[in-house]
2 protein chains.
Amino acid sequence: MILSNAEENYLKAIYALNLLGKERVNNQAIADKLTINPASVTDMVRKLDEKKLISYSRSEGARLTREGLRIASKTVRKHRLWETFLVEKLNFTWDEVHDVAEQLEHIQSDKLLDEIDKLLGHPKFDPHGDPIPDANGKMTRIHSTPLSEIKEGSKVKVVSVGDNSAAFLRYLDKQGISLNGILVVKEIQSFDQSLLVEIKGKKEVFLSTEACKKIFVV
Amino acid sequence: MILSNAEENYLKAIYALNLLGKERVNNQAIADKLTINPASVTDMVRKLDEKKLISYSRSEGARLTREGLRIASKTVRKHRLWETFLVEKLNFTWDEVHDVAEQLEHIQSDKLLDEIDKLLGHPKFDPHGDPIPDANGKMTRIHSTPLSEIKEGSKVKVVSVGDNSAAFLRYLDKQGISLNGILVVKEIQSFDQSLLVEIKGKKEVFLSTEACKKIFVV
DNA sequence: TATCAAATTTAGGCAAAGCTAAATATTTGA
DNA sequence: TCAAATATTTAGCTTTGCCTAAATTTGATA
Ligand SMILES: [Mn+2]
Ligand SMILES: [Mn+2]
Ligand SMILES: [Mn+2]
Ligand SMILES: [Mn+2]
């Protein structure tokens with residue numbers, strides 16, 4: 001079955017919300033995620049239900065069927081493999097890849113996907129530290145913690161970021177924070193919970209609570 | 001200006017027809033090229049004219065404006081660079097690339113295009129022997145001849161093919177004909193103009209007139 | 001339990017890109 | 001020159017995916 005970009009985006013949104021813990025996904029959440037009007041979501045979930053890609057009911061909300069899950073995770077796989085490809089092979093930076101990958105993830109070609117995967121050596125994580133589902137939809141789950149919940153004095157490693165926007169990623173670049181970077185939490189400011197962080201042997205920077213919530217560490 | 005896939009495809013079709021010698025392109029020709037109904041073409045050429053990408057009049061037909069030409073040749077450039085990339089870097093065969101390139105040519109990212117071009121070493125020709133326009137739309141023109149017009153006894157080199165369909169390309173594979181292959185025209189059958197051709201030191205094959213019209217040689 | 005807020009759906013519309021069938025133009029060529 | 005063939009346009013319709021505004025439903029809470 002060939003799906004439209006819109007349909008794939010809805011499935012991906014539901015998939016992402018599922019992973020965030022909500023196994024029942026309501027229309028409002030999908031609408032927020034995709035920045036689409038709830039009335040439009042009503043139409044689309046109905047269509048996806050008819051196509052048996054989700055099961056939807058007013059009370060239960062939406063949940064992916066086995067087939068819907070397969071397509072959603074394949075789309076995420078494509079997105080993250082393309083992002084990795086762009087960074088590894090085409091000199092893109094991590095703040096430049098998301099928008100292009102949003103387009104590339106809809107290209108239909110199994111061979112293309114397989115060959116990109118092979119060329120990259122079957123990577124397990126994308127440039128933002130997000131796990132890449134394998135061909136069966138399975139992916140490595142890392143139990144990380146937001147930097148905002150780390151105790152004073154702890155030494156941690158950055159494993160992923162919770163915001164792929166160019167603005168946020170460039171802010172991190174500016175602060176000197178990158179994937180796999182080692183941080184030491186020097187001080188937690190009591191009045192606003194912002195952090196004074198030492199970046200492994202380099203410098204000390206202040207990070208807002210907002211930023212710290214989006215930096216995941218182990 | 002961001003164009004839809006459909007708009008880009010129309011511009012590309014007009015561009016291709018222009019290169020075939022027809023500088024005035026009529027709706028019927030566009031319709032045939034894109035396998036679209038002429039009534040639909042009327043709507044679209046009107047829109048492209050309003051957007052100043054073509055100039056259209058009932059009597060003159062359609063002709064690309066400078067901007068329309070720029071976009072058309074950029075789209076062709078993308079198509080052919082992607083085809084080349086797929087063959088050179090991802091183990092695709094020449095009969096597998098066209099359909100995927102039809103999708104990839106619509107991805108919007110100048111950086112992506114430039115990096116692919118750089119990775120490939122600024123190739124001048126695609127896997128079907130078609131010239132790749134450079135960033136300014138200029139491309140190498142090779143004055144080739146259809147094999148169907150070659151005299152008996154001549155020794156020629158295959159430089160391009162006039163049909164990118166998987167069916168035709170696999171037929172050529174089967175016959176042992178490939179780009180840059182050397183052929184000697186042994187005999188022209190008088191009753192149907194089909195050719196007996198020797199493939200450089202390998203074997204002799206019969207080629208139908210139809211096939212010979214689509215094989216370009218120097 | 002009555003009320004208010006949030007979520008969902010209905011109703012009606014719009015733009016893009018296609019279609020068919022019928023009406024008009026334009027060419028061609030007998 | 002005029003009829004037939006070809007090309008173009010009009011009119012009206014379809015699907016997809018979105019929108020706003022106005023119900024309606026559900027659910028929390030006072
Ligand atoms: Mn992304
Ligand atoms: Mn990512
Ligand atoms: Mn092609
Ligand atoms: Mn080609």
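Within every chain, numbering begins at 1; the chains are lettered A, B, ... in the order of the sequence lines, protein sequences first and strands thereafter. Hydrogens, waters and symmetry mates play no part in the numbers below; they use all other heavy atoms, side chains included.
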When all nucleic acid strands are considered with a 4.0 Å heavy-atom cut-off, which category describes [X]: base, sugar-phosphate, or nothing?
X: Ala39(A); answer: base
X: Asn37(A); answer: base
X: Asp43(A); answer: base
X: Ser59(A); answer: nothing

Under 4.0 Å between a side-chain N or O of [X] and OP1 or OP2 of [N]?
X: Tyr10(A); N: dT16(D); result: no
X: Arg46(B); N: dT10(D); result: yes
X: Ser40(B); N: dG18(C); result: no
X: Ser4(A); N: dG17(D); result: yes

I need the [atom1]-[atom2] distance between [X] and [N], as an integer number of Å.
X: Arg58(B); N: dT10(D); atom1: CZ; atom2: P; result: 7 Å
X: His106(A); N: dG17(D); atom1: NE2; atom2: C1'; result: 14 Å
X: Leu48(B); N: dG18(C); atom1: CG; atom2: P; result: 11 Å
X: Leu3(A); N: dT15(D); atom1: CG; atom2: P; result: 19 Å
X: Gln28(B); N: dA25(C); atom1: CD; atom2: P; result: 19 Å
X: Asn5(B); N: dT16(D); atom1: CG; atom2: C1'; result: 15 Å
X: Asn27(B); N: dT27(C); atom1: CG; atom2: P; result: 13 Å
X: Ile36(A); N: dA7(C); atom1: CD1; atom2: P; result: 17 Å

Salt bridge or not between Glu8(A) and Lys74(A)? Use side-chain N to carboxylate O under 4.0 Å.
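Salt bridge absent between Glu8(A) and Lys74(A).
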
With the threshold set at 4.0 Å, does a side-chain nitrogen-carboxylate oxygen contact exist between Glu105(B) and Arg77(B)?
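Not counted as a salt bridge, because no side-chain N and carboxylate O are separated by less than 4.0 Å.
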
Selected nucleotide, minimal atom distance to [X] side chain, candidates [options]:
X: Lys47(A); options: dG17(D), dA17(C), dT8(C); value: dG17(D)
X: Met44(B); options: dT8(D), dC18(D), dG18(C); value: dG18(C)
X: Asn26(A); options: dT9(C), dG18(C), dA7(C); value: dA7(C)

Pair Asp32(B), Gln28(B): side-chain N/O donor-acceptor within cut-off below 3.5 Å:
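There is such a pair (donor and acceptor under 3.5 Å, judged by atom type) between the side chains of Asp32(B) and Gln28(B).
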
Ring centres under 6.0 Å, that's the criterion: do Phe85(A) and Phe85(B) meet it?
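Centroid distance Phe85(A)-Phe85(B): below 6.0 Å, so yes.
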
To the nearest 0.5 Å, how far apart are CD1 in Ile14(B) and CG in Leu69(B)?
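So the CD1 of Ile14(B) and the CG of Leu69(B) are separated by 11.0 Å.
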
